[in-house]
Every structure is written in C-alpha cells, then in structure tokens.
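Computed from heavy atoms alone, side chains included, the values below leave out hydrogens, waters and symmetry copies.
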Amino acid sequence: MRPDAIPWEPPATPRGAPEPPAQIRRILRLFRPYRGRLALVGLLVGASSLVSVAQPFLLREILDVAIPDQRTGLLGLLALGLVATAVMTSVFGVLQTFLSTTVGQRVMHNLRTEVYAKLQRMPLAFFTRTRTGEVQSRIANDIGGMQATVTSTATSLVSNLTGVVASVVAMLALDWRLTVASLLLLPFFVWISRRVGRERKQITTQRQKQMASMSAIVTESLSVSGIVLGRTMGRAESLTRGFSDESERLLDLEVRSHMAGRWRMATIGIVMGAIPPLLYLTAGLLVHFGGPGLSIGTLVAFVGLQQGLLRPTVSLLSTGVEMQTSLALFQRIFEYLDLRVDITEPERPVRLPSVRGEVRFENVDFGYGQQDPGGTLHGIDLAVPAGTTLAVVGPTGSGKSTLSHLVPRLYDVTGGRVTLDGVDVRDLDFDTLSRAVGVVSQETYLFHSSIADNLRFAKPDATDAQLRAAARAAQIHDAIESLPDGYDTLVGERGHRFSGGEKQRLALARTILRDPPVLILDEATSALDTRTERAVQQAVDALSRGRTTLTIAHRLSTIRDADQIVVLNGGHIAERGTHDELMARDGQYAALVRRDAHTADAPAS
C-alpha cells in the first residue's frame, strides 16, 4: 500500500462531541486574554444603556412640568439634557465598537494561526485523505463566518441585556401594571427564538460543508494542472455544469439559512409593535373603571421605554439565534484543533550540534493501520555509513518510498527504530532532523513566487552569491541568467513556467543551499526524458558527493556505482550487495536490470 492509500477519517462529527455549554465555555476561553478590554467595553455599554434610559424621564418632565408650567429655563436644560444623552450614546457606541472589533479580530487571527499551525503538524495521512479545498474552507469560510459573532455578538449581548434590564427597571418605576402587561409575551418570544436558532444551526452546518465542497472544486479544477487536464480531456463544459450544480445547492442553503425562522421572528416584531396601542387602551380602561390615572408625560415616557425595550429584546433574541448558528462554525474549527498529532517531539529532545550522517534501520516494521494489518515493511535491518550511498530498488508497492519516509519522520515506525548517528530519530528535535535530512522527490513543488524566494525557502538568510553557487552546482544558473528577470523571475503556479528538468534542478539547488549531511532522492529523475535525466543526474551526483545518500531508483542505470544496493520485495529485503555482486548472483536485481535495459532499448512507438 502506498502512502496515498493511507486510511484517514477526519472526525467531521465526532461521537461524544462537547455539549453546547462546554463549547460555550471553550469559546469564552478564547476571549480570556482580552478580559481587560472587554471589561472596558462592558462599562461603556452599561453607561450607554443607562444614559439612553434617561431620555424618557427627561421627556416626561418636559411634557408634565416644563411645558404646562411654562418654565422655559427648565425646558432649556431638559432639552440640552436630551441632546447630551444623544451625544454621549453616540460617543460610547463608537468607542465600544472599536474595542470590541479589535478584540474580535484578534481572536479570529489567533484561531486562524492556531489552525494553520496545527495543520502544519498533521501527518501526511491527513493531507492524502483531505481535499485541499476543504482545508482552505475551514480557515477562510468557517473562521470568516465567525466574524460577526466574535466582533459584535459579545457587545450586542451585553448592550441589549443591559438595555432590557434598565428599561424594565425604569418601566417598573413608572407603572408596574403596564410593565406586567408588556412582559406577558416574553416567554413565548424566547421559545420561538430557541427553535429558530436550532433550525439555523443545522442549516449552517450543511452550508459550510457545501462551501467546502465548492472550494475544493475551484482549487482542483482551476489550478494549472486542472485547466490543462480539463481542456485536453474536453471536460470544460462538464466541469462548468458540475460547478453550477454545486452552486445551485449552495444557493438553496443560503436562501434557507436567511429565511429560517424569518416569519417567526417577524411575528415577534408584529406583536411587539402592537403592544403600544394595547398600553394606550389599558391606560384608558384604568381611568374608565376608576383606577388611578396616568399623566400624559408618564404614558408617553412609558411607551418610549417600551419601544426602547422592543429593539434590544428583538436584538437579544436574534443574538441568541446567531450564537446558536455560530456554534456550528466553532464546532468545525474545534474539530481541526482537536485532531490528534501522531508525530511529536519528545519532552526532552536530543539536539545534535553536528551530524556525520550515519543512518541505520534496526529491525524496522511499518504498517499503515487497520486496513493494512499485514504491514508494509518487515524486519528491515540496514546500515548506511556516513558518506556512503544506498540504492533501494524493487517492484511497485514493495515499500521503497515508505522506507525513505521513515528517516525524516514523515511517518514513524511501528516496530524497531531508525537512528541517525546512533540516536533514534524519534528522540531528535525537529530542527536537528530537518537540518540533517534533505529530500528531493519525483514531484517537485515550487511556490508561486520568484526563483530567489523559492531557493531561499531552504535558507532564508542566504546571500545572492550563495544562491548563484547553489544554482551553478545544480546546473541551472545559466538558464536562470538567460531569463529577462533572472533570479527575480516568477516561477508561476507550481512552477509550470519551467520544464520538468528545470524544476528538478531548481529543487536540487534548493537542497544544495540547505546543505544536509543526509540526502534522500526519491525517484528524482524517473519522470524525465533520457537527455534531461543525464543533465539532472550530473547535478545529483555533484550533490551526493560526500553525503550519506539514500536513492529510490526507477532507472537502474543511475545507481550502478552505489556503495550498496538493496532489493525490496513485499516489504522484505530480498537481496543486498554491490551492482557487480548482485549481477553475479543473477537474482531479482539482475532481472530488474535486464528489464530496465530492454525498456531503454525498445523503439519509441
């Protein structure tokens, strides 16, 4: 089984997922570093709510005292007080928005960074089983979808809660009977909002999955390789139709998301809007039946408070709905943060100041999990002295690449151990291991950046002279210099502006710049034509000189001079020795050499 067949099942909806209260506590912990600023936001919100509640009382004094008694001085002061409350409310609102937005964006930044850092530590199995678009969607769409929640929900919650409490207290101070009449329907409103919240949470989960699916389609089909494949296969229209179908499904979910519970919430608004006429009717009936009358100012102030209660109450209920919706987004992010990292540094890692490069495989077993219970490598014992060359050959699926992946700890052994200079690689710190082992694979990856930036990925502080020296060693310097922009030339998406041989030599130059004492060449020239292979092989030979080199060979002509050659078959070592020794034995290696020679001599069709 190859690494790309590793079973990986990211826990999209893990059994025993945390209940909402536990999730909410976890979300609140994200804001803990900013509790000082949030306390200031709370003070501003509380002050703003109290100031706004003062307006109806000022209005009552204007209507009941200042105007009837023609007290112009008092009228001016009260009018000035109304203006002052409006100014203070606006200023407090701007300040609290700035603080809450800053805190919210900082929390989103921390989440994005934490998710990215976690993904950097995940094993290869995760990425071979997870579409790139899905990963991008979690970072971009899911965290982006939280923006309103983390930047304004907390402020809105405190503001509206404070406003509701302050309004209710003020209403009770004016008239407790009208207050009771105003609040009778509140439990019904809460029940409606909870139902709407649950409905939207379910739709949001489906919507985010659909957005991830669309993101994966875009990433795969609109890459350079995807465009080339689609056009050469005549599938452009089919891909467009498929994207249209996915977009249609997203359209339906978006509409359902925006309309979920809209009629129920509208009903709340209608009922709340009908309460003021009922208050006027109640006041009239109280007077009609001989009850204590209400002054015009008190009634107007009460209706003003009730209307002021309407906005924060509806907003508070809507905030509750949004919070339930956002739980679906947080759950998707927490799923990634909770993924198990299998390959970690030990508590007290070993750091080697210098590495000679001796590599040993001591009774190594390795398997890819339950779907491959027989394992892939069995009882591998190999010693590669520092500065020597080991070539590994064998049929497809024999475990060649798997063996090479164990040295840089792309995977960990399931039995035995792999050592570097006598130290188990699992005991080494990651920095020592990455400096010690360089890998050049068949599939060269280049970033969409300049040639210089791609080379400096191996050594960020490399000088221009060092870049040129590495490029000369890889026999790519002259080709770079012939370009109009030289080392500042953009390589394009995945390096598609360059030929396969040029990309391979750029990868070799990058590894030369890294200067690792141990070099792994995983079929580095197998995808090249014979002429290009010769040029690249010269660069490989120069790079290998003086280093411990493990070569996974496809064309056996490139490994004749290896210090030792190992033939793998079915995860076992079938043969080992030098080229001459194995040819004299006339076993599996000799058969592979004859087949390789026959393939090379065969006429092109």
Novice: Please give me the minimum heavy-atom distance between I62 and P68, naming the atom from each residue.
Specialist: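 I62 and P68 have their closest heavy atoms at O-CD, 3.9 Å.
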
Novice: Looking at S450 and Y487, what are the two nearest heavy atoms and their distance?
Specialist: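 That would be CB-O, 3.8 Å.
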
Novice: Quick check for you: to the nearest 0.5 Å, what is the distance between L95 atom CG and L43 atom CG?
Specialist: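 Output value for this atom pair is 12.0 Å.
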
Novice: With side-chain contact (heavy atoms from CB on, under 4.5 Å) as the test, would you mind laying out the steps for T489 and I480 before giving the verdict?
Specialist: CA-CA 8 Å; T489 301; I480 296 174; 5.9 Å; no

Novice: Hey, are the side chains of L111 and L337 touching, using non-hydrogen atoms and a 4.5 Å cut-off?
Specialist: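 Yes; the side chains approach each other to less than 4.5 Å.
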
Novice: Which atoms form the tightest heavy-atom contact between R409 and L433, and what is the distance?
Specialist: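 Heavy-atom minimum between the residues: CG-CD2, 3.6 Å.
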
Novice: Could you tell me whether the side chain of R456 and the main chain of A462 form a donor-acceptor pair under 3.5 Å?
Specialist: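 Flag set: sc R456 to bb A462 pair under 3.5 Å.
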
Novice: To the nearest 0.5 angstrom, please state how far the CZ atom of F98 sits from the CG atom of L44.
Specialist: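 Those atoms lie 12.0 Å apart.
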
Novice: Could you tell me if the side chain of T432 sits less than 4.5 Å from the side chain of R435, heavy atoms only?
Specialist: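 Result yes, sub-4.5 Å side-chain heavy-atom pair found.
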
Novice: Just verifying a value: how many Å separate T72 OG1 and L77 CG, rounded to the nearest 0.5 Å?
Specialist: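 Taking OG1 in T72 and CG in L77, the distance rounds to 10.0 Å.
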
Novice: Please determine whether the number of non-hydrogen atoms from other residues, nucleotides or ligands lying under 6.0 Å from atom CZ of R106 exceeds 12.
Specialist: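 Incorrect, the count does not exceed 12.
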
Novice: If you look at every heavy atom in N454 and S449, which pair is closest and at what distance?
Specialist: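 What the structure gives for the nearest pair is ND2-O, 3.7 Å.
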
Novice: Any chance the side chains of S434 and R514 put a donor and an acceptor closer than 3.5 Å?
Specialist: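 Short answer, yes.
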
Novice: Closest heavy-atom contact between M122 and R340?
Specialist: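 Smallest interatomic distance, heavy atoms only, reads CE-O, 3.6 Å.
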
Novice: Would you call I451 and L483 a side-chain contact if the rule is heavy atoms closer than 4.5 Å?
Specialist: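 Yes. Closest side-chain heavy atoms under 4.5 Å.
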
Novice: Heavy atoms, side chains only, cut-off 4.5 Å: are L506 and L446 in contact?
Specialist: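 With C-beta onward as the side chain, the pair touches.
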
Novice: So, for Y34 and V107, which heavy atoms are closest and what is the spacing to 0.1 Å?
Specialist: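 Minimum heavy-atom separation between Y34 and V107: CE1-CG2, 3.9 Å.
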
Novice: Taking T113 for the side chain and N110 for the main chain, is one N or O donor matched with an acceptor at less than 3.5 Å?
Specialist: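 No.
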
Novice: Can V103 and V41 be said to form a side-chain contact (heavy atoms from CB on, under 4.5 Å), step by step?
Specialist: CA-CA 10 Å; V103 170; V41 170; 5.9 Å; no

Novice: Quick one, L75 and I67 - any side-chain contact, counting heavy atoms below 4.5 Å?
Specialist: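 Side-chain contact under 4.5 Å: yes.
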
Novice: With a 3.5 Å distance limit and no angle check, can you tell me whether E345 reaches the backbone of F430 through a side-chain donor-acceptor pair?
Specialist: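 Yes; judged by distance alone, with no hydrogens or angles, the pair exists.
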
Novice: Give, for atom CG of L30 and atom CE of M108, the distance between the pair rounded to the nearest 0.5 Å.
Specialist: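 L30 CG to M108 CE: 12.0 Å, rounded to 0.5 Å.
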
Novice: Would R26 and F334 count as a cation-pi pair here, with the cationic atom under 6.0 angstrom from the ring centre and within 45° of the axis?
Specialist: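 Satisfied, under 6.0 Å and within 45°.
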
Novice: Please check if atom OH in Y116 has more than 12 non-hydrogen atoms from other residues, nucleotides or ligands closer than 6.0 Å.
Specialist: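 Count not over threshold, so no.
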
Novice: Indicate yes or no for a side-chain donor-acceptor contact from R121 to the backbone of K118 under 3.5 Å, with no hydrogens or angles considered.
Specialist: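 It does not hold such a pair.
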
Novice: Does atom CZ (R351) have a neighbourhood of more than 12 heavy atoms from anything else shown, all under 6.0 Å?
Specialist: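 Atom CZ in R351 is packed in, count exceeds 12.
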
Novice: Using a cut-off of 6.0 Å, state whether more than 12 heavy atoms not belonging to R71 lie near its atom CZ.
Specialist: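 No, the 6.0 Å shell around CZ holds no more than 12 heavy atoms from other groups.
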
Novice: Would you say that I333 contacts V115 through its side chain, given a criterion of any heavy-atom pair below 4.5 Å between the two side chains?
Specialist: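 Yes, their side chains come closer than 4.5 Å.
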
